[in-house]
Protein chains: 2
Amino acid sequence: MARIVKDPEIRRTEIIDIAEELFLKSGYNETAVSDIVKRVGVSQGTFYYYFKSKEDILNAIIERYIDDIKVGVKAIAAKDDINAIEKIMAFFGFLNNMDQGKEKLIDYFHEDQNVHLHAKFEKNVPSNIIPPLCLMIEEGVQEELFDTKNPEMAALSIIGTTFAISHWMYDKEDRAGSTKKIMAAIFDLIERILGAEPGKFMKYAMKMEEAK
Amino acid sequence: MARIVKDPEIRRTEIIDIAEELFLKSGYNETAVSDIVKRVGVSQGTFYYYFKSKEDILNAIIERYIDDIKVGVKAIAAKDDINAIEKIMAFFGFLNNMDQGKEKLIDYFHEDQNVHLHAKFEKNVPSNIIPPLCLMIEEGVQEELFDTKNPEMAALSIIGTTFAISHWMYDKEDRAGSTKKIMAAIFDLIERILGAEPGKFMKYAMKMEEAK
DNA sequence: AATTGACTGACAGTCAGTCAGTCAGTCCAT
DNA sequence: ATGGACTGACTGACTGACTGTCAGTCAATT
């Protein structure tokens, strides 16, 4: 094969891109390293020059997602023209959009073959999004929008609730149709967890809808 | 190898037992089918006589856990000498004891090598424990102990919260020591989610403590 | 004696990971 | 500018280990 030398960073990204695509399409265990290198157009050795094992490239893929999330969430947390409720809502909006950007990443995650990817992802997400979410909650407590003594636990509860509900919805057949009801239910739970005034989140959601 | 014929059900259980032990000790990907059959003392072919693939036996292991949980939870839900709060607390006590019975199954689950097992487990648990938990909550609403319009969502939120907090605690170093504080925090969150009187769960917990 | 079905073990095919060596690009001395 | 030394990106054949198959064996049952 013709030997083509590239900037290591570009080559690395190239390999990660293809690996991600194949893992999502066929599953981690079902994708061979040889499938990846064939698609990239490099040798087996090159793969192991960049990644010390197959598991290692999976970690690299996850890390990239986490980094994207970190950047987006930090930007929201740093805003000073919106209040805590709007931040938390923007936060969920951002997480949702990320999925969409990757062509329904979340759809892939819920296929059985991708448990491995999904599990690693959910294992690593909380430690990165709990701290900023926690800050937003503390802000809301100071603004007297929320009433909670333990912002960290509240943050965990919100994330756990959101994960659980989104998993649950994916296992049910009748996914579409009742998104509004589900949003209302999630808002209700978040308000309860945070000790916010009932209906306050929905009120803000309507306002943002109008603003468009 | 000496040929020993056993009752198929016993043989099947035998293979599952060993496989479970090895998967938990060394991880799913790191355990070879040949390791399993060597330990059981049967041939490679016997393994594939009982299970159609390596993935298949993992599903069998998970199924066994789920069945244990189902039985235990049904028994609690059927009791008529305790109220909804006591049932929910018994429910969590049962889930906790199950872990202990399996020599801290939950400890193994949180090791990185076992993401595969863990993920399959958590993917399948909710669909089995949400319905009975849901019934308990509905009971509590009728008894006017709780105030919620959507018991199913509340059940999901409680399970999600519990999972998220237990994962979070395992990733933190200072695990021991503050179990009481964590229990208090979880009770507080459950009360908020269910719309129960603040401190009510803790009150029942104290009462049960005394009863011993 | 015939039938059933649990069981065997050799084997085909596949895959993760290794390694000795190759070659493109860079940099410096002539 | 030209060559030669050097670096590190890259190659691909190879190995050992693995999953899953299958033709056939043997114990138990009828």
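Sequence lines set the chain letters: A, B, ... in the order given, protein chains first and strands last, and positions in each chain run from 1.
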Let me have a per-nucleotide readout for nucleotides 15-25 of chain D, 5' to 3', with B, S or -, counting only protein heavy atoms under 4.0 Å.
---SBBBB--B

What residues, two or more places apart in sequence or in another chain, satisfy side-chain hydrogen bond (donor to acceptor under 3.5 Å, both in side chains) together with N83(B)?
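N83(B) satisfies side-chain hydrogen bond (donor to acceptor under 3.5 Å, both in side chains) with Y204(B) once adjacent residues are dropped.
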
In Watson-Crick or G-U wobble terms, both distances under 3.5 Å, what is the partner of dG21(C)?
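Checking every strand shown, dG21(C) finds its partner in dC10(D), with both distances under 3.5 Å.
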
Can you tabulate the close N/O pairs, meaning under 3.5 Å, that link protein atoms to atoms of nucleotides 28-30 of chain D?
none

Look at the rings of F201(B) and F187(B) and say which category their plane angle falls in: under 30° parallel, 30 to 60° tilted, over 60° perpendicular.
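Aromatic pair F201(B)/F187(B) classed tilted.
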
Just say parallel, tilted or perpendicular for the rings of F51(B) and F47(B), cut-offs at 30° and 60°.
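Answer is tilted, since the angle falls between 30° and 60°.
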
Is the backbone N or O of K52(A) less than 3.5 Å from a side-chain atom of D56(A), with the two atoms forming a donor-acceptor pair by type?
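A pair under 3.5 Å: yes.
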
For the backbone of E55(A) and the side chain of Y28(A), can you confirm whether one donor and one acceptor N or O come within less than 3.5 Å of each other?
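Yes: the side chain of Y28(A) pairs with the backbone of E55(A).
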
Send over the distance from [X] [atom1] to [N] [atom2], rounded to a whole Å.
X	N	atom1	atom2	result
L22(A)	dC15(C)	CG	P	13 Å
D7(A)	dC10(D)	CG	C1'	14 Å
K6(B)	dG5(C)	NZ	C1'	17 Å

Under-4.0 Å salt bridge between D188(B) and R192(B):
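R192(B) and D188(B): salt-bridged.
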
So, R64(B) and E20(B), do they make that salt bridge, N to O below 4.0 Å?
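Salt bridge: yes.
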
Test salt bridge (Lys or Arg N to Asp or Glu O under 4.0 Å) on R12(A) and E9(A) and set out the steps.
CA-CA 5 Å; R12(A) 207 182 117 93; E9(A) 210 161 309; over 6 Å; no

